[in-house]
Student: 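There's a structure below that I have some questions on.
Note: hydrogens, waters and symmetry copies are ignored here, and every other heavy atom, side chains too, is used. Computed from a prediction, not measured in an experiment: that's the story for all the values here.
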Amino acid sequence: LHTAYRRQRQMCIRDSPYSDPIRLHQIGAALTRRLEPDVESRSRIARALDLKSLDRFVADIEIVPTVSGWRMSGRVQADAVQSCVLTLEPLSVAINEHFTVNLTETPPDAPADEDGEIDLELDDNSPDVVENGQIDLGQYAVEQLSLHLDPYPRKDGAVFEQPPEPGEISPFGVLKALKPADDADKS
C-alpha cells in the first residue's frame with residue numbers, strides 16, 4: 001500500500017475503537033495473541049472505519065524481540081460490509097491479510113540539512129515508536145484492517161455516468177425561463 005495513503009488512514013482512526021494494550025515486560029522471548037472483538041467492539045470499529053457492518057474480525061499477532069526493538073507480525077481476517085461509492089448499495093468484503101510492523105523505543109535520528117531543516121520521509125521500513133512502555137495490539141489490528149479496506153469500493157458493473165453539462169447560465173437566461181410563454185411572443 002502507498003505510504004501516504006497508509007498514514008492518511010491511520011490519522012482517520014481518531015480514538016482507537018478497540019484496545020488491547022500490553023506492557024513491554026510481558027513480551028519475554030515472544031508473545032502470541034488472538035484478538036476477537038465482541039459485537040459491541042466490532043460495532044465501534046465499523047463506525048470508525050465507515051463500514052455498514054463488521055460481522056467477523058480476528059487478528060492473530062506475534063511479537064518477538066529484535067536487535068533494534070521488536071517485530072510484530074500477524075494476520076487480520078474480517079467479513080465486512082462497505083457501501084459502493086457509486087450506488088451506495090451494500091458491498092460485502094472479505095479480508096485475509098498478513099502484516100509485519102517493526103517497533104522501537106527510541107525514534108530514529110533524523111539528520112538536518114544545511115538549513116537546519118529536518119527532511120522526513122515516510123517509508124514502510126521505518127519502525128513505529130513504542131510510547132509509555134506499551135503496545136496497543138487492538139489499535140494495530142484495527143489499523144491493519146483499515147489499510148486493507150478498499151477506500152473507494154465499487155460493485156461489479158457499477159459505472160459512473162457524468163451528468164449533462166448545464167446550458168448557458170446567466171441571470172438573464174434564468175429570468176427568460178421564468179417569463180410566461182405568451183409574453184415571449186409580444187416582444
Side-chain angles (χ1 to χ4, degrees), residues 1-51 53-80 82 93-152:
L1 293 174
H2 190 265
T3 303
Y5 173 70
R6 176 179 179 220
R7 296 297 179 192
Q8 178 185 10
R9 289 298 291 230
Q10 288 174 350
M11 290 180 199
C12 290
I13 305 171
R14 293 175 194 90
D15 297 322
S16 183
Y18 179 62
S19 183
D20 188 356
I22 59 156
R23 307 281 312 159
L24 293 177
H25 71 273
Q26 292 176 282
I27 297 173
L31 177 102
T32 303
R33 283 266 169 91
R34 182 178 189 97
L35 307 179
E36 294 185 72
D38 60 17
V39 173
E40 185 179 314
S41 296
R42 288 195 318 267
S43 177
R44 283 193 311 271
I45 295 167
R47 278 193 307 274
L49 299 180
D50 198 25
L51 299 172
S53 70
L54 182 59
D55 303 322
R56 183 176 73 94
F57 181 40
V58 177
D60 294 307
I61 299 174
E62 180 181 40
I63 301 177
V64 295
T66 64
V67 173
S68 59
W70 299 268
R71 183 178 58 250
M72 178 181 359
S73 57
R75 181 171 81 169
V76 291
Q77 300 172 67
D79 294 324
Q82 292 183 285
V93 293
I95 306 289
N96 184 5
E97 297 289 337
H98 293 270
F99 66 92
T100 300
V101 177
N102 292 314
L103 305 161
T104 184
E105 276 191 285
T106 56
D109 292 331
D113 63 10
E114 60 265 1
D115 297 329
E117 293 183 11
I118 297 175
D119 204 12
L120 297 177
E121 291 186 31
L122 300 176
D123 63 354
D124 290 337
N125 296 330
S126 62
D128 287 0
V129 178
V130 175
E131 296 177 359
N132 301 324
Q134 68 180 17
I135 302 168
D136 191 340
L137 301 180
Q139 183 176 354
Y140 275 101
V142 172
E143 175 184 304
Q144 291 301 317
L145 172 62
S146 73
L147 293 173
H148 291 95
L149 289 170
D150 185 348
Y152 303 105

Student: Please tell me if the side chains of Arg42 and Tyr18 come closer than 4.5 Å, counting only heavy atoms from C-beta onward.
Tutor: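 Sidechains of Tyr18 and Arg42: no contact.
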Student: What heavy-atom pair brings Ala141 and Phe57 nearest, and what distance separates the two atoms?
Tutor: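 It is O-CZ, 3.5 Å.
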Student: CG of Asp55: more than 12 outside heavy atoms within 6.0 angstrom?
Tutor: yes
Student: Starting at CD1 of Ile27, measure out to OG1 of Thr32 and round the result to the nearest 0.5 Å.
Tutor: 11.0 Å
Student: Taking the side chain as every heavy atom from C-beta outward, state whether Leu49 and Leu54 have any atom pair closer than 4.5 Å.
Tutor: no
Student: Taking the side chain as every heavy atom from C-beta outward, state whether Ser68 and Asn102 have any pair of such atoms under 4.5 Å apart.
Tutor: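 When only atoms from C-beta onward are counted, Asn102 and Ser68 do not touch, as no gap falls below 4.5 Å.
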Student: Show the nearest heavy-atom pair for residues Val64 and Ala30, with the distance to one decimal.
Tutor: CG1-CB, 3.8 Å
Student: Do Arg33 and Ile63 have side chains that get closer than 4.5 Å, going by heavy atoms?
Tutor: no
Student: Are side-chain heavy atoms of Asp150 and Val93 found at a separation under 4.5 Å?
Tutor: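 Side-chain contact under 4.5 Å: no.
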Student: Rounded to the nearest 0.5 Å, what separation is found between the CD atom of Gln77 and the CG atom of Leu145?
Tutor: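 If I round to the nearest 0.5 Å, the distance is 11.5 Å.
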Student: Can you confirm whether Arg71 is buried at CZ, in the sense that more than 12 heavy atoms of other residues, nucleotides or ligands lie under 6.0 Å from that atom?
Tutor: no
Student: In Å, rounded to the nearest 0.5 Å, how long is the span from CZ of Arg75 to CD of Glu97?
Tutor: 10.5 Å
Student: So Gln139 and Val142, do their side chains get closer than 4.5 Å, heavy atoms only?
Tutor: no
Student: Are Asp128 and Tyr140 side-chain neighbours, meaning at least one heavy-atom pair lies under 4.5 Å?
Tutor: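 Yes, their side chains come closer than 4.5 Å.
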Student: Where do Arg44 and Pro17 come nearest, in terms of heavy atoms and distance?
Tutor: NE-O, 3.0 Å
Student: To the nearest 0.5 Å, how far apart are CD1 in Ile135 and CG in Leu103?
Tutor: 5.0 Å
Student: With a 4.5 Å cut-off on side-chain heavy atoms, are Gln144 and Ile95 touching?
Tutor: no
Student: Distance from Ser43 atom OG to Leu51 atom CG, nearest 0.5 Å?
Tutor: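 Output value for this atom pair is 10.5 Å.
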Student: How many angstroms lie between OG in Ser53 and CD1 in Ile45, if you round to the nearest 0.5 Å?
Tutor: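 So the OG of Ser53 and the CD1 of Ile45 are separated by 12.5 Å.
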